[in-house]
Protein chains: 2
Amino acid sequence: MAVEIGPSPEMYLKSLFELTRGHAPVPISALAERLGHSVVSATEMVHRLERRGLVAHEPYRGARLTSDGATHARTLLRRHRLWERFLTDELNLPWESVHDLACQLEHAVGEEVTEALDRRLGIPATCPHGNPIPRSGPTPAASARTLADMKPGEHAELEAVHPESGPVLAYLAQHGLRPGAAFSLESIEPTDGLRVIGVSSTRVAFGPELAARLRVRPASGPGRGGGARGDERRA
Amino acid sequence: MAVEIGPSPEMYLKSLFELTRGHAPVPISALAERLGHSVVSATEMVHRLERRGLVAHEPYRGARLTSDGATHARTLLRRHRLWERFLTDELNLPWESVHDLACQLEHAVGEEVTEALDRRLGIPATCPHGNPIPRSGPTPAASARTLADMKPGEHAELEAVHPESGPVLAYLAQHGLRPGAAFSLESIEPTDGLRVIGVSSTRVAFGPELAARLRVRPASGPGRGGGARGDERRA
DNA sequence: ATGTAGTTTAAGGTCGACCTTAAACAAGGT
DNA sequence: ACCTTGTTTAAGGTCGACCTTAAACTACAT
């Protein structure tokens with residue numbers, strides 16, 4: 001069991017999982033873009049994964065994880081997020097850089113280490129970027145609402161950065177924005193749909209694509225002022 | 001700096017380092033055997049590493065690390081042993097299995113993580129198998145004396161398992177023998193040179209090759225009886 | 001001085017994971 | 001019905017990391 005699989009196929013499974021919205025297949029071009037590969041290469045890989053029974057490919061529509069594939073992807077994501085927690089909580093590495101670091105570590109460990117790590121970390125509920133750590137049992141539904149869905153004047157709190165990536169996290173870190181931060185949407189610029197938000201006396205702008213990657217929830221308290229405040233470790 | 005290098009070349013550097021005795025070149029056949037590769041493949045790799053300036057190859061004698069190569073190997077060994085400590089000390093994974101696990105992790109992290117890990121672990125002096133963790137500055141000379149050098153009747157204490165490997169550690173674990181354990185050499189069998197030692201009322205036998213991998217030092221105290229006792233974390 | 005054991009080179013093979021360019025094809029809007 | 005856009009297939013390439021078999025060669029001990 002556990003089906004030997006290399007780092008590269010694993011990245012595909014993970015990306016596929018992350019890019020999946022609802023029940024729709026993910027266009028291969030989207031996959032390719034996320035991984036920085038050519039579309040042809042991505043198609044090749046999808047075929048390889050299909051032969052292994054991990055993804056189902058609907059021609060001209062996209063690829064979807066089979067349940068085997070989804071299981072595998074979930075454990076990968078689990079490892080990834082646990083490592084992220086380890087790197088921030090135990091090694092005190094910067095919030096915005098642990099994503100890329102964890103991308104290496106996730107392929108280097110099996111179940112043994114993963115579970116031990118989970119216990120060691122106190123069975124955390126989310127990664128440092130606000131995403132839930134998959135465990136046995138259904139994953140708690142993440143809020144579907146993002147910054148892109150908000151209307152000017154609304155107040156909210158950053159819940160998570162969903163498809164994570166180095167550059168995105170760097171941008172957020174640069175402006176002191178972290179899960180838990182309260183903010184308000186000040187305006188949506190007519191040109192390019194730029195979202196300008198106010199976070200503790202600063203203004204930060206986000207393009208529509210980035211905005212769609214910022215999951216939000218109604219501001220919890222009157223917001224204890226904070227910009228760069230932490231993230232919750234429990235659900 | 002840091003010269004991009006993959007897991008496989010890294011394993012070669014590490015093995016080369018571990019197999020080096022004094023100043024002599026390591027025969028490629030020995031390298032190949034340690035890695036479980038064919039001699040031809042090992043030769044190929046040595047060439048690749050030579051082109052990169054990491055090893056020097058003396059035809060028909062063997063390969064030696066250049067100073068660049070040695071530096072690289074040392075940092076690899078450093079990562080490896082730090083991960084071993086992490087896995088045993090923090091995750092409570094079994095002593096005999098952390099070697100193989102660390103073999104994966106060592107290729108998945110850079111300097112940032114390594115140094116943070118080191119600090120986090122309290123700058124440990126040795127790995128769980130008794131080998132010193134390389135740091136800047138000269139590595140403390142490991143005792144050159146092994147079980148293979150002992151005479152019947154002698155008492156000693158296990159200091160380290162030097163070239164480590166899964167099966168060797170498994171054998172030791174099976175017999176409750178760990179660094180720090182005191183024992184006496186009871187006999188050397190004339191056939192096959194088997195070393196039979198007494199450890200806390202048990203007898204365990206070692207072939208000559210294994211014996212040469214067990215570094216020993218004079219028993220420290222009257223040995224608080226112990227078989228399966230720990231290992232020191234400080235020099 | 002010679003022979004054997006250990007080393008090296010040569011030649012050819014496989015597999016995975018990428019790339020490019022170019023052609024064939026399907027979906028969906030006008 | 002057509003045309004554009006996005007998708008897939010085909011063809012050929014590269015590179016790294018392994019493999020085998022077979023021939024050439026060296027070191028060293030007898």
Side-chain angles (χ1 to χ4, degrees), chain A residues 2-16 19-21 24-64 69 72-73 76 103-104 106-108 209, chain B residues 2-16 19-21 23-65 69 72-73 76 103-104 106-108 209:
Chain A
V3 211
E4 275 316 320
I5 198 181
S8 199
E10 285 186 344
M11 286 305 287
Y12 274 83
L13 292 182
K14 224 185 50 173
S15 303
L16 212 38
L19 294 176
T20 298
R21 293 274 167 279
V26 176
I28 292 190
S29 48
L31 244 191
E33 191 187 344
R34 171 129 237 262
L35 291 162
H37 292 169
S38 77
V39 177
V40 176
S41 296
T43 309
E44 259 181 357
M45 181 62 87
V46 166
H47 287 335
R48 275 195 280 269
L49 293 172
E50 200 171 26
R51 269 178 251 127
R52 300 207 201 187
L54 296 168
V55 319
H57 181 211
E58 301 176 32
Y60 296 97
R61 312 217 89 82
R64 201 201 313 279
H72 205 118
L76 249 2
C103 265
Q104 302 302 121
E106 71 195 6
H107 309 295
E209 199 194 309
Chain B
V3 210
E4 276 315 320
I5 198 180
S8 199
E10 286 187 343
M11 286 305 287
Y12 274 83
L13 292 182
K14 224 186 51 173
S15 303
L16 213 37
L19 294 176
T20 297
R21 292 276 167 277
H23 205 258
V26 176
I28 293 189
S29 48
L31 244 192
E33 191 187 345
R34 173 130 236 262
L35 291 161
H37 292 169
S38 78
V39 177
V40 176
S41 296
T43 309
E44 259 181 358
M45 181 61 88
V46 165
H47 287 336
R48 274 195 280 268
L49 294 172
E50 199 172 25
R51 269 178 249 127
R52 300 208 201 186
L54 296 169
V55 319
H57 181 209
E58 300 176 32
Y60 297 99
R61 313 217 88 86
R64 202 200 313 277
L65 290 166
H72 205 118
L76 249 3
C103 264
Q104 303 302 122
E106 72 195 6
H107 309 294
E209 198 195 310

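Chain letters run A, B, ... following the sequence lines, proteins first, then strands; residues in each count from 1. Remember, it's a predicted structure, so these values are computed and weren't measured experimentally.
Taking the side chain of Y12(A) as heavy atoms from C-beta on, and the options dT8(D), dA17(C), dC18(C), the nearest nucleotide is dC18(C). In this structure, the nucleotide among dT7(D), dC18(C), dG28(C) sitting nearest to the side chain of Y60(A) is dT7(D).
Between V39(A) and A32(A), the closest heavy-atom pair is CA-CB, 3.9 Å.
Residue E58(A) contributes atom CD, which lies 18 Å from atom C1' of dC25(C) at whole-angstrom precision. Atom CD in E4(A) sits about 17 Å away from atom C1' in dA17(C), given to the nearest Å. One can place CZ of R61(B) at 19 Å from P of dC25(D), the figure rounded to the nearest angstrom. R52(B) places its CZ atom 8 Å from the P atom of dG16(D), with the value rounded to the nearest Å. Residue R51(A) contributes atom CZ, which lies 8 Å from atom P of dG16(C) at whole-angstrom precision. Distance H57(B) NE2 to dT26(D) C1': 12 Å, rounded to the nearest Å.
To the nearest 0.5 angstrom, E106(A) atom CD is 7.0 Å from E10(A) atom CD. Here the CZ atom belonging to R51(A) is positioned 9.5 Å from the CG atom belonging to L49(A), to the nearest 0.5 angstrom.
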Legend entry - R52(B)/I5(B) under side-chain contact (heavy atoms from CB on, under 4.5 Å): CA gap, chis, key distance, verdict: CA-CA 10 Å; R52(B) 300 208 201 186; I5(B) 198 180; 3.8 Å; yes
Inset, instruction - Starting from the C-alpha separation in whole Å, work towards a yes-or-no answer on side-chain contact (heavy atoms from CB on, under 4.5 Å) for L13(B) and V55(B). - result: CA-CA 8 Å; L13(B) 292 182; V55(B) 319; 3.9 Å; yes
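Listed by residue number, the members of residues 28-44 of chain A with any heavy atom below 4.0 angstrom from DNA chain D are I28(A), S29(A), V39(A), V40(A).
The local environment of CD in E209(A) is sparse, with at most 12 non-hydrogen atoms from other residues, nucleotides or ligands closer than 6.0 Å.
Here H47(B) does not reach the OP1 or OP2 of dT8(C): none of its side-chain N or O atoms lies under 4.0 Å away. One finds no side-chain N or O of R48(A) lying less than 4.0 angstrom from the OP1 or OP2 phosphate oxygen of dG16(C).
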